Protein chains: 2
Amino acid sequence: MPSALTNMFATIVFMSPRREPVSRRDRPAKPPLSRAALVAVALRIMREEGLEKATMRRLAAELDTGPASLYVYVRNTAELHGAMLDELVAGLEPPEPAAGDWRERLIGLLTSYTWMLFARPGLARSVLTLRPCGPHYLRLIDTVLGLLLAGGMPDRQAAWGVDILLQHATATAAEQGSRAEAAEAAGEEADLALAVAEAGAGAYPHLVRVRDELFAGTGEERMRWSFGTIIDGLS
Amino acid sequence: MPSALTNMFATIVFMSPRREPVSRRDRPAKPPLSRAALVAVALRIMREEGLEKATMRRLAAELDTGPASLYVYVRNTAELHGAMLDELVAGLEPPEPAAGDWRERLIGLLTSYTWMLFARPGLARSVLTLRPCGPHYLRLIDTVLGLLLAGGMPDRQAAWGVDILLQHATATAAEQGSRAEAAEAAGEEADLALAVAEAGAGAYPHLVRVRDELFAGTGEERMRWSFGTIIDGLS
DNA sequence: ACCTGAACACCGTTCAAGT
DNA sequence: ACCTGAACACCGTTCAAGT
């Protein structure tokens with residue numbers, strides 16, 4: 001907290017020895033705590049330094065308070081992550097009605113949700129073990145449902161389908177996104193590639209047969225194909 | 001470590017004061033460190049107390065050494081989890097050739113893999129951000145591939161399909177499993193149910209329409225249905 | 001090569017006490 | 001009701017030094 005330090009010296013050097021009221025006036029206006037403020041700061045830290053830095057302790061330091069104070073506004077870290085996700089989902093543009101049939105629009109929406117999480121793999125990982133329930137996430141569920149129903153799907157198929165589709169989006173972001181980012185994860189990817197390359201046709205005949213297809217295709221290609229495949233299965 | 005304590009007292013009370021050689025002889029034979037020993041102890045702790053207790057520090061204490069010693073055998077915690085998964089996959093029984101057609105056998109295999117992870121949600125969560133590459137996991141990939149190819153699927157479809165199917169299995173276990181277990185996660189489930197119950201038909205028309213279907217069905221039902229749906233989409 | 005103690009640089013959450 | 005400092009009970013990983 002360099003700014004706090006600076007202010008402390010300012011107080012000592014230039015001000016009267018009555019410390020408390022003066023340093024209070026002098027300090028940059030401390031923003032009032034609130035759930036929204038917490039989420040905003042957490043999103044900024046995530047953007048600038050990654051989710052792993054957006055810890056309760058760090059947030060508290062940033063907001064010039066102790067970690068215990070945050071627990072007035074969120075139950076725990078998981079709830080904070082849920083609130084962060086909701087804010088990000090709010091920023092997703094809704095599918096244009098003119099953008100093709102329901103299937104195309106649905107794939108477009110799911111793809112843009114996935115890309116959004118792709119850039120935040122840590123959050124995706126956290127969301128996977130959550131039940132997001134913010135208003136904007138409910139909006140997303142409603143929109144996906146609407147598109148599935150527009151495709152003539154029975155209610156149950158649509159209801160269960162939305163779960164599979166959103167879970168696939170989140171899991172893909174958690175899995176692929178973290179690998180694209182972290183250096184250690186790149187090592188794991190290489191380990192698998194090596195293991196597959198070394199696999200003998202005797203022990204792993206099918207693996208050897210489709211070896212080249214396993215790692216083929218771009219992320220975008222595989223993503224669209226996956227969503228299309230699941231949607232086709234639902235229909 | 002009560003056994004170490006007991007032995008220490010035994011040494012002090014009954015033995016000569018020359019401590020080191022005696023206590024060395026007296027101590028239960030310290031098993032030699034090895035990757036397999038690490039994995040075995042980690043699996044036991046996970047079984048008895050959950051994955052979150054199977055930390056590097058705890059493993060080291062259990063193996064009567066310092067945490068630094070473990071890094072000779074595994075690169076990091078992620079690699080340890082990968083090795084644990086491989087051991088668990090080894091214990092999965094292969095699908096009986098008589099158990100119906102390829103589709104039924106495939107669903108059976110995927111279901112049993114999912115149930116196995118379901119009981120270990122923490123591991124499932126960890127595996128999701130991993131590329132498992134152990135011999136038994138490769139076996140699993142090969143078997144799934146074999147069944148898809150037996151269904152007459154082109155190579156590419158099978159290769160990309162195995163990714164979707166295994167990811168879905170892992171993600172389902174990570175998501176549902178942790179909720180079934182942790183008390184806090186149950187709260188999140190309730191939060192979502194509440195939010196859905198309170199959703200207005202004006203803002204969320206589709207959500208309200210299929211409201212009852214969203215939470216319908218048992219885990220087993222939805223699991224089989226999901227795998228069936230994805231397989232149908234692949235075909 | 002393998003093993004170690006100690007250190008580095010942190011965590012989330014709770015609690016009693018304040019205002 | 002809201003806020004706080006301090007504490008509780010831990011983490012993963014690295015490093016220099018030993019054997």
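The model shown is predicted, which means the values in this text are computed figures rather than measured ones. Here is the naming used below: chain letters follow the sequence lines, and residue numbers restart at 1 for every chain.
Among the nucleotides dT13(D), dC3(C), dC11(D), the one closest to the side chain of T77(B) is dT13(D). Among the nucleotides dG12(C), dC11(D), dC3(C), the one closest to the side chain of M56(A) is dG12(C). Listed nucleotides: dT13(C), dA6(D), dC11(D). Nearest to the side chain of R57(B): dC11(D). Considering only side-chain atoms of T55(A), the nucleotide from dG12(D), dG12(C), dC2(D) that sits closest is dG12(C). Each of dA6(D), dC2(D), dT13(C) was ranked by its minimum atom distance to the side chain of A68(A); first place goes to dA6(D). Side-chain atoms of Y73(A) lie closest to dC2(D) of the nucleotides dT13(C), dC3(C), dC2(D).
The interatomic distance linking L59(B) (CG) with dT13(D) (C1') rounds to 15 Å, in whole Å. A straight line from CZ of R75(A) to C1' of dG12(C) spans 16 Å, rounded to a whole angstrom. Distance Y71(B) OH to dC11(D) P: 12 Å, rounded to the nearest Å. Put simply, CZ on R35(A) is 16 Å from C1' on dC2(D), counting in whole angstrom units. Nucleotide dC11(C) holds its P atom 14 Å from the CG atom of L80(A), rounded to whole Å. Separating the CZ atom of R58(B) from the P atom of dC10(D) is a distance of 10 Å, rounded to the nearest angstrom. The separation between L63(B) atom CG and dC2(C) atom C1' is 15 Å, rounded to whole Å. Atom CD in E79(A) sits about 11 Å away from atom P in dT13(C), given to the nearest Å.
Q167(B) and H168(A) are linked by a side-chain donor-acceptor pair at a separation below 3.5 angstrom, with hydrogens and angles left out of the test.
Checked against H136(A) for a side chain to side chain contact (heavy atoms under 4.5 Å, CB included), the options L92(A), D86(A), L88(A), L85(A) give a single hit: D86(A).
Across every strand in view, dG18(C) sits in a pair with dC2(D) that passes the Watson-Crick or G-U test at under 3.5 angstrom. Checking dC10(D) for Watson-Crick or G-U wobble geometry (two distances, each under 3.5 Å) identifies no partner in any strand.
Side-chain N or O atoms of R125(A) include none that pairs as donor or acceptor with a backbone N or O of L128(B) at under 3.5 Å. At least one donor-acceptor pair under 3.5 Å links the side chain of R120(B) to the backbone N or O of M116(B).
For dA9(D) and dC10(C), the C1' atoms lie 14 Å apart once the distance is rounded to whole Å. Separating the C1' atom of dC3(C) from that of dT14(D) is a span of 14 Å, rounded to the nearest Å.
Applying the ring pair (Phe, Tyr, Trp, His ring centres under 6.0 Å) criterion to H206(B), with sequence neighbours excluded, gives no partner residue.
Base engagement by S69(B) is indicated by at least one non-hydrogen atom pair under 4.0 Å involving a base atom.
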